[in-house]
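Note that the coordinates shown come from a computational prediction; the quantities given were computed from them, not determined experimentally.
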Amino acid sequence: MASGDDDDPIIEEVFTSDLVFFLTQYPVRPSTMTYDDVDHLVAKIKPKQQRVELEMAINTMSPNYCRSKGEQIALNVDGTAYDETNTYSVKMMDKQTFSSIQATTNTSRYAAAVFRKGELHITPLTGILQMRPSFSYLDKADNKTREREAANEGGDSSQDEAEDEAKAITVRFARPESEQARQRRIQSYEFLQKKQAEEPWVHLHYHGVKDSRSEHERQYLFCQSVDASENTELVKTPKEYLAMLMPPLAEEKVVKPVGPSNVLSMAQLRTLPLGEQVKTLMKNVKVMPFANLMGLLASGTDSTSVLRSIQQVALLVQGNWVVKSDVLYPKNTCSAHSGVPAEVLCRGRDFVMWRFTLERSVMRKEIASIIKLPPEDVKEFLEHVAAPRINRGWEFLLPTDVDFIKKHPDVAHRQHMLWLGIQSKLEKVFNLSKEDFMPKNTPQPEPIHVSGEQRLQVAQDRAKENQLSLQKDLDARRAGSSVQRPIATSEDEPMDTSSSLSSIPNGSVNGYPNATSPGFDYTNGGGPANIPSPELQDFVIKTFGKHFVLTLNELKRLLNLHVASMPVGQPVFHSISDHMLQDAVLLCHCKQIMVPVSIGGGHHGYHTSHRRLLYDMFTKNYRLRRNMIQAKLAEELGDVPKSDVDRLLNECCKSHAGMWYLKGTIQS
């Protein structure tokens, strides 16, 4: 060290050496089990690659050595023939190879030190090598096997073949290699393997630890010159020497994985400000309920702050938040599909969003005819917030979030006023009329289904009240005369059916409006005079006497066949609606269950009690097993013959996959 600090006396001297020195490690073997006493057969090195290989003998006489396994390995590797290139010359695996890998590429901070007589001699390490067993002989065995199989196949097929005829050869010239292709080729694994194989092996002589040559080589670990003036490496100031011993740690640059530009992890997202988090989420999701947005943000985030942020980047549509158009299409940009400017795209998308504030579904053709943008852009607008539905156009993706509207009425009112402003702008841009501001699809109330007993009661009341008119119509038809029904005048007293229909809500019976419902069509088989005629009832009784179980569609088909087979001159049924046919079925003591199937009852069937019991079972479950039906019949009616059960099931049911269903309730 530099002289200048007399108070710091030299206690011990340090010397360095320029010897090429490798440190070898054996990580697969404990330190107590060294290879000092093992015969080293071959040693070789590739200096540039710092790659070392050692071949060591295996003690085949050891009790731990499996002789049969060693012979099998040698046979697989070398085969049965003797050759000088054989890996194992004694037909037995009697040696193993150790190959090195670099433990570290930077050895500038590692050295081997020897302390002697108060002197510390340091030798920098050229490399640190880890010696591990090499299994290249297994690759050689695989190659031998493949060569043997190829030789066998080639020998069998080429014995009787004649000489190959001359064939034309197409000459192709390789294209000039580009710089990028050259870089890829240089960095490829095959190229690196080829470059490594080009460096020749340098064969070495191995000397044991106690060998005299080893003792001589160990002397090079000590510095041969003791003159401190010749050692220029340690002519440093104390600060410089301290910096060499403990260099400052350089901050390692963490290379972030390169991902798509539109992908952001949740960890990266939560490092952004709240406003940017909301904006990023809405740009990616397009439409989202407020509850889902809160779930994506960090726990403990203030909902008021989120509401303030989301109103800057999104609009409220049916209680859900939809990203604003100017966020998706910033200024001075254009469509990726058609090149339309962002201002035009924003107006078109605002119109689509505004239409969804009025109704659940919109038609794509109608939207395109108004905003007059390319089909690709219109489809992109709709895909952001809606999904296609059969015969309904494009339906809004999410259900209406009523809870958010009730919980935040002030936000909903503010958004409503904002939509009114957007509506006025759209009216001027697209020349909209008042009809465009009305919802196109008014929601219809769902039909209310009632039981067959209620319909039967209604039909019986109608029949009693219209007995006189029915008799007159029947007499007129039998006489062959045609009587035209008089048109009701304002003086005629309307039929009062309020008492009979008081138990049926909304004036609807099984989804059909009754006579007092508004908009009821008397000309379509629904008027008070259109009560099932005796001929129709007689047809229903005879039909169910034969079939017992029928669907409404099957009954209509049989009715059409019956009408077509009637002789000329016989009065036919006039304008029989589905409603009238159902009333006729119920008036003939038939029953209707949840599925649209009627089961004949009364005195016209065979084993009526059996069928009624079967009907009761099917009112609780739409399919049954045979053993359940037999057990129920035996419990209620005593011992029932198997033939009766078979007849009952064949008449009223159909079997499918081990279960019995009422006829008409499963697909044929």
Chemist: Is there a side-chain contact between V323 and M288 in this structure, where contact means two heavy atoms from C-beta onward sitting under 4.5 Å apart?
Modeler: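 A side-chain contact is absent here, since even the closest heavy-atom pair is not under 4.5 Å.
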Chemist: Can you confirm whether D36 is buried at CG, in the sense that more than 12 heavy atoms of other residues, nucleotides or ligands lie under 6.0 Å from that atom?
Modeler: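 Buried by this count: over 12 neighbours within 6.0 Å.
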Chemist: Dump the intermediate steps for side chain to side chain contact (heavy atoms under 4.5 Å, CB included) on L281 and L297, then the final yes or no.
Modeler: CA-CA 9 Å; L281 287 172; L297 298 174; 3.9 Å; yes
Chemist: Below 4.5 Å, heavy atoms only, C-beta onward: do V306 and T301 meet side chain to side chain?
Modeler: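 Yes, side chains in contact.
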Chemist: Do other residues, nucleotides or ligands put more than 12 heavy atoms under 6.0 Å from the NZ atom of K195?
Modeler: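 Atom NZ in K195 is not crowded, with 12 or fewer foreign heavy atoms closer than 6.0 Å.
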Chemist: Check whether any side-chain N or O of S100 sits under 3.5 Å from a backbone N or O of Q130 as a donor-acceptor pair, and report yes or no.
Modeler: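 It does not hold such a pair.
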Chemist: Hey, does I45 have a side-chain heavy atom less than 4.5 Å from the side chain of V52?
Modeler: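 The answer is yes; the side chains approach within 4.5 Å.
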Chemist: Output every pair passing ring-ring contact (aromatic ring centres under 6.0 Å, His included) with a member in residues 181-208, not counting sequence neighbours, ordered by first then second residue.
Modeler: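 The answer is H40-Y206.
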Chemist: Donor-acceptor check, side chain of T237 to backbone of E240, threshold 3.5 angstrom: yes or no?
Modeler: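 Side chain of T237 to backbone of E240: a pair is present.
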Chemist: Do NZ/NE/NH1/NH2 and the carboxylate oxygens of E343 and R347 come within less than 4.0 Å?
Modeler: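 Salt bridge flag = no for R347 with E343.
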Chemist: Please check if atom CD in E190 has more than 12 non-hydrogen atoms from other residues, nucleotides or ligands closer than 6.0 Å.
Modeler: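 No, because the 6.0 Å sphere around CD of E190 holds 12 heavy atoms or fewer from other groups.
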Chemist: Give every residue pair that meets the side-chain hydrogen bond (donor to acceptor under 3.5 Å, both in side chains) criterion with at least one member in residues 314-324, sequence neighbours excluded.
Modeler: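 Every pair satisfying side-chain hydrogen bond (donor to acceptor under 3.5 Å, both in side chains) with a residue in residues 314-324: Q318-R360, Q318-T400.
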Chemist: Would one find more than 12 heavy atoms of other residues, nucleotides or ligands at under 6.0 Å from atom NZ of K44?
Modeler: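 Yes, NZ of K44 has more than 12 neighbouring heavy atoms, counting only those of other groups under 6.0 Å.
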Chemist: Answer yes or no: is there a side-chain heavy-atom contact under 4.5 Å between L293 and V285?
Modeler: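 The answer is no; the side chains never approach within 4.5 Å.
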Chemist: Between E119 and R116, is there a salt bridge with N-O shorter than 4.0 Å?
Modeler: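 No.
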Chemist: Hey, could you give me the OG/NZ distance between S188 and K194, rounded to the nearest 0.5 Å?
Modeler: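 Output value for this atom pair is 10.0 Å.
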Chemist: Tell me the closest heavy-atom pair linking A111 and I122, and the distance in Å.
Modeler: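 Scanning both residues completely, I find the closest heavy atoms to be CB-CG2, 3.4 Å.
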Chemist: Could you please spell out the steps behind the side chain to side chain contact (heavy atoms under 4.5 Å, CB included) verdict for V340 and D377?
Modeler: CA-CA 9 Å; V340 176; D377 294 322; 3.9 Å; yes
Chemist: Can E71 and R67 be counted as an ion pair, charged N to O under 4.0 angstrom?
Modeler: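 Salt bridge flag = yes for R67 with E71.
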Chemist: Rounded to the nearest 0.5 Å, how far does CZ of F21 lie from CG of L221?
Modeler: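 Reported value, rounded in 0.5 Å steps: 5.5 Å.
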Chemist: Can any side-chain N or O of K91 pair as donor or acceptor with the backbone N or O of Y88 at less than 3.5 Å?
Modeler: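 The answer is no, because no donor-acceptor pair under 3.5 Å joins these two groups.
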Chemist: Any non-hydrogen side-chain atom of H384 less than 4.5 Å from a side-chain atom of L328?
Modeler: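 The answer is yes, as the side chains (C-beta and beyond) meet within the 4.5 Å cut-off.
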Chemist: Would you please test V28 and R132 for side chain to side chain contact (heavy atoms under 4.5 Å, CB included) and show each step?
Modeler: CA-CA 7 Å; V28 297; R132 299 176 183 271; 4.1 Å; yes
Chemist: How far does CZ of R270 sit from CG of L296, to the nearest 0.5 angstrom?
Modeler: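 Here the interatomic distance stands at 8.0 Å.
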Chemist: Can you tell me how far CG of L125 sits from OG1 of T104, rounded to the nearest 0.5 angstrom?
Modeler: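 If I round to the nearest 0.5 Å, the distance is 10.5 Å.
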Chemist: Check E376 with K379, please: is the shortest side-chain N to carboxylate O separation under 4.0 Å?
Modeler: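 Salt bridge absent between K379 and E376.
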Chemist: Donor-acceptor check, side chain of Q415 to backbone of L316, threshold 3.5 angstrom: yes or no?
Modeler: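 Yes: the side chain of Q415 pairs with the backbone of L316.
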Chemist: Atom CG of L54 and atom CD of Q96: how far apart are they, to the nearest 0.5 Å?
Modeler: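 Answer for the CG-CD pair, L54 versus Q96, is 10.5 Å.
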Chemist: Measure across F351 and I371 and return the closest heavy-atom pair with its distance rounded to 0.1 Å.
Modeler: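 Minimum heavy-atom separation between F351 and I371: CD2-CG2, 3.5 Å.
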Chemist: With a cut-off of 6.0 Å (strictly less than), are more than 12 heavy atoms of other residues, nucleotides or ligands near NZ of K283?
Modeler: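 Atom NZ in K283 is not crowded, with 12 or fewer foreign heavy atoms closer than 6.0 Å.
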Chemist: Restricting to side chain to side chain contact (heavy atoms under 4.5 Å, CB included), what partner residues turn up for M61, sequence neighbours left out?
Modeler: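 With neighbours one apart ignored, the set is N59.
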Chemist: Step by step, work out the side chain to side chain contact (heavy atoms under 4.5 Å, CB included) result for Y137 and N76.
Modeler: CA-CA 9 Å; Y137 61 89; N76 294 340; over 6 Å; no
Chemist: Which atoms form the tightest heavy-atom contact between L192 and I186, and what is the distance?
Modeler: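 Nearest pair, atom of L192 first, then I186: CD2-O, 4.0 Å.
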Chemist: Where is the tightest heavy-atom contact between R146 and N143, given as atom of each residue plus distance?
Modeler: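 For R146 versus N143, the nearest heavy atoms are NH2-OD1, 2.6 Å.
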Chemist: Show your working on side-chain hydrogen bond (donor to acceptor under 3.5 Å, both in side chains) between D350 and S325 and close with a plain yes or no.
Modeler: CA-CA 7 Å; D350 287 344; S325 301; 2.8 Å; yes
Chemist: Within the side chain of Q49, is there an N or O that forms a donor-acceptor pair under 3.5 Å with the backbone of Q196?
Modeler: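 Answer holds: yes.
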Chemist: Please report the shortest heavy-atom distance between S303 and F290, naming the atom on each side.
Modeler: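 What the structure gives for the nearest pair is O-CZ, 3.9 Å.
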Chemist: Between CD1 of I422 and CE of M353, what distance do you get to the nearest 0.5 Å?
Modeler: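 I422 CD1 to M353 CE: 7.0 Å, rounded to 0.5 Å.
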Chemist: Compare all side-chain heavy atoms of Y35 with those of R29 and state whether any distance is below 4.5 angstrom.
Modeler: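 Yes; the side chains approach each other to less than 4.5 Å.
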Chemist: Which word best sums up how the rings of Y26 and F98 line up, parallel for under 30°, tilted for 30 to 60°, or perpendicular for over 60°?
Modeler: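 Perpendicular: the ring planes of Y26 and F98 meet at over 60°.
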Chemist: Can you list the steps and then say if E199 with K46 is a salt bridge (Lys or Arg N to Asp or Glu O under 4.0 Å)?
Modeler: CA-CA 7 Å; E199 184 180 359; K46 288 187 176 183; 5.9 Å; no
Chemist: Write down the atom of R349, the atom of V322, and the distance for their closest heavy-atom approach.
Modeler: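 Scanning both residues completely, I find the closest heavy atoms to be NH2-CG1, 3.7 Å.
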Chemist: Is the shortest side-chain heavy-atom distance between Q183 and Q180 below 4.5 Å?
Modeler: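 No; the side chains remain at least 4.5 Å from each other.
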Chemist: Check whether any side-chain N or O of S214 sits under 3.5 Å from a backbone N or O of K210 as a donor-acceptor pair, and report yes or no.
Modeler: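 Answer holds: no.
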Chemist: Got a donor-acceptor contact below 3.5 angstrom from the T107 side chain to the Y110 backbone?
Modeler: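 No: the side chain of T107 does not pair with the backbone of Y110.
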Chemist: In the structure I gave you, are the side-chain heavy atoms of Q277 and S309 within less than 4.5 Å of one another anywhere?
Modeler: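 Q277 vs S309: side chains apart.
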